[in-house]
Amino acid sequence: MKRFENKVVIVTGAGSGIGAATVRRFAAEGAKVVLAGRTREKLESVAAQLPKEKYLVRVADVSDYDQVEGLVRATIDKFSRLDVMVNNAGVASEGRATEDSVDAWHKVISIDLDGVFHGARAALPHLIKTKGCIVNTASVSGLGADWNMSFYNTAKGGVVNLTRSLALDYGRDGVRINSVCPSLTRTDLTTDMFKDEALIAKFRERIALGRTAEPEDIADVIAFLASEDARFITGVNLPVDGGLSASNGQPPQ
Ligand code: NAD
């Protein structure tokens, strides 16, 4: 199925994990893809699998609005349109609020929340022209709280409500805005966690489907939300979590 033939898609955080899988998925369905992130080598190695005329690599830090605006401008310069903005770049946080630094708070908020706002703000004028859409990578950590992750919980909670607000404000312009809310997924962000078998077993125990996610599990849903199949869905923060959020938190018996 080629749902994105002649469509232009920007993916931030495209050099690894969910972003890289999202690039591959859109490209497999015919899209021209702009791979954005901080490290050119990582972006180039993902892009190496794509036909040369179908991609653009652009180094951009999503926490800097000017760089995100430059990313969108470069996309329009090369492909003359923008249909889908995937605001996916993100970092995690660890530790209680009194234990991590104030700088660490600002870093997480500036990448995980400001970065999504920057992407939406820069992309929206072009998405209004194409009746395009935005898909944000939020998290189950934006739908509820985790132990020792208050900075991340706050940023992702912000993404969840920003998704709803933007959906209300731009629906009449024909632009849909949704997010995916993944649970624990095997990526660079979680490499250390996946080294701890006992910890991963605890996660699996809480997930109805009995396993953690692979990046493709999330990328496929991002593509669905961006596709015509999801034409009547906007303002939704969709858990992609194997049933984790179906539980009220009590342990399985
Ligand atoms: P990842 O580390 O493989 O990917 C994140 C990417 O974002 C990296 O390539 C990184 O270089 C890039 N990035 C970081 N800061 C950036 C910045 N300032 N500007 C541009 N790019 C930047 O991890 P991932 O798990 O694929 O993360 C993708 C998204 O998924 C993140 O928003 C993350 O919060 C979210 N998420 C991940 C999980 C999980 O368990 N892995 C669960 C829920 C949500």
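In this chain, numbering begins with 1 at the start of the sequence shown. Remember, it's 1-based here, ligands and their atoms both numbered in the order they're listed.
When the heavy atoms of V159, N88, L71 are ranked by distance to atom 32 (O) of ligand 1, first place goes to N88. Taking each of V140, I218, V62 in turn, the one with a heavy atom nearest to atom 19 (N) of ligand 1 proves to be V62. When S16, G119, G37, A89 are checked for heavy-atom proximity to atom 1 (P) of ligand 1, S16 turns out nearest. For atom 2 (O) of ligand 1, the candidate residues are V46, V180, L189; the nearest heavy-atom contact is made by L189.
The number of heavy atoms from other shown groups lying within 6.0 Å of CD (Q250) does not exceed 12. Annotation for K107: atom NZ does not count as buried by contact number, only 12 or fewer foreign heavy atoms lying within 6.0 Å. Other residues, nucleotides and ligands contribute at most 12 non-hydrogen atoms within 6.0 Å of the CD atom of Q253. E94 CD: 12 or fewer foreign heavy atoms inside a 6.0 Å radius. When the shell of 6.0 Å around CZ of R121 is examined, it contains 12 or fewer heavy atoms from other residues, nucleotides or ligands.
Residues F79 and L127 share a hydrophobic cluster, clusters being chains of Ile/Leu/Val/Met/Phe/Trp/Tyr side chains in contact below 4.5 Å. Residues L166 and L113 share a hydrophobic cluster, clusters being chains of Ile/Leu/Val/Met/Phe/Trp/Tyr side chains in contact below 4.5 Å. At a threshold of 4.5 Å between side-chain heavy atoms, the hydrophobic network of Ile, Leu, Val, Met, Phe, Trp and Tyr places I109 and F151 in one connected group. One hydrophobic cluster holds both I10 and V8 under the rule that ILVMFWY side chains link at heavy-atom gaps under 4.5 Å.
Atom 25 (O) of ligand 1 has its closest protein heavy atom at T187 OG1, 2.7 Å. Among all protein heavy atoms, the one lying closest to atom 5 (C) of ligand 1 is G90 O, 3.7 Å. What sits closest to atom 16 (C) of ligand 1 on the protein, heavy atoms only, is R38 NE, 3.4 Å. Among protein heavy atoms, the minimum distance from atom 12 (C) of ligand 1 is reached at G13 CA, 3.8 Å. Atom 40 (O) of ligand 1 has its closest protein heavy atom at T185 N, 2.8 Å. From the protein, the heavy atom lying nearest to atom 26 (O) of ligand 1 is I18 N, 2.8 Å. At the shortest separation from atom 36 (N) of ligand 1 among protein heavy atoms lies Y152 OH, 3.5 Å.
D196 is linked by a side-chain contact (heavy atoms from CB on, under 4.5 Å) to A198, L199, counting only residues two or more places apart in sequence or in another chain.
Listed by atom number, the atoms of ligand 1 under 4.0 Å from G17 heavy atoms are 3 (O), 26 (O). Close approach to T190 involves these atoms of ligand 1, each under 4.0 Å from a residue heavy atom: 39 (C), 40 (O), 41 (N). The A60 neighbourhood of ligand 1 comprises atoms 19 (N), 20 (C), with distances under 4.0 Å to a heavy atom of that residue. Heavy-atom proximity to L184, at under 4.0 Å, picks out these atoms of ligand 1: 40 (O). The contact set between ligand 1 and D188, taken as ligand atoms under 4.0 Å from a residue heavy atom, comprises 2 (O), 3 (O). Interface of T137 with ligand 1, defined as ligand atoms under 4.0 Å from a residue heavy atom, comprises 29 (C), 30 (O), 32 (O), 35 (C). Near K42, meaning under 4.0 Å from any of its heavy atoms, are these atoms of ligand 1: 8 (C), 9 (O), 11 (O). Here is the list of ligand 1 atoms found below 4.0 Å of a heavy atom in S183: 40 (O), 42 (C).
Side-chain atoms of R176 come within 3.5 Å of backbone N or O of I233 as a donor-acceptor pair. Within the 3.5 Å criterion, the main-chain N or O of R38 finds no donor-acceptor partner in the side chain of D61.
Within the structure, the closest approach of I111 to ligand 1 falls below 4.0 Å when heavy atoms are considered. Using a non-hydrogen distance threshold of 4.0 Å, A92 does not register as a contact of ligand 1. For A138, the closest heavy-atom approach to ligand 1 falls below 4.0 Å.
In this structure, L143 shares a hydrophobic cluster with V160, the cluster being traced through Ile, Leu, Val, Met, Phe, Trp and Tyr side chains under 4.5 angstrom apart.
By the 3.5 Å distance cut-off applied to N or O atoms, K156 is counted among the residues near ligand 1. The shortest N or O to N or O distance between D61 and ligand 1 is below 3.5 Å.
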Determine whether D114 and S63 satisfy the following criterion, side chain to side chain donor-acceptor pair (under 3.5 Å), listing intermediate values before the conclusion. CA-CA 6 Å; D114 295 354; S63 67; over 6 Å; no
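Between M85 and the options N136, L124, I134, a side chain to side chain contact (heavy atoms under 4.5 Å, CB included) holds for only I134.
Residue-level proximity to ligand 1 for A14 is absent, since no heavy atom of it falls below 4.0 angstrom.
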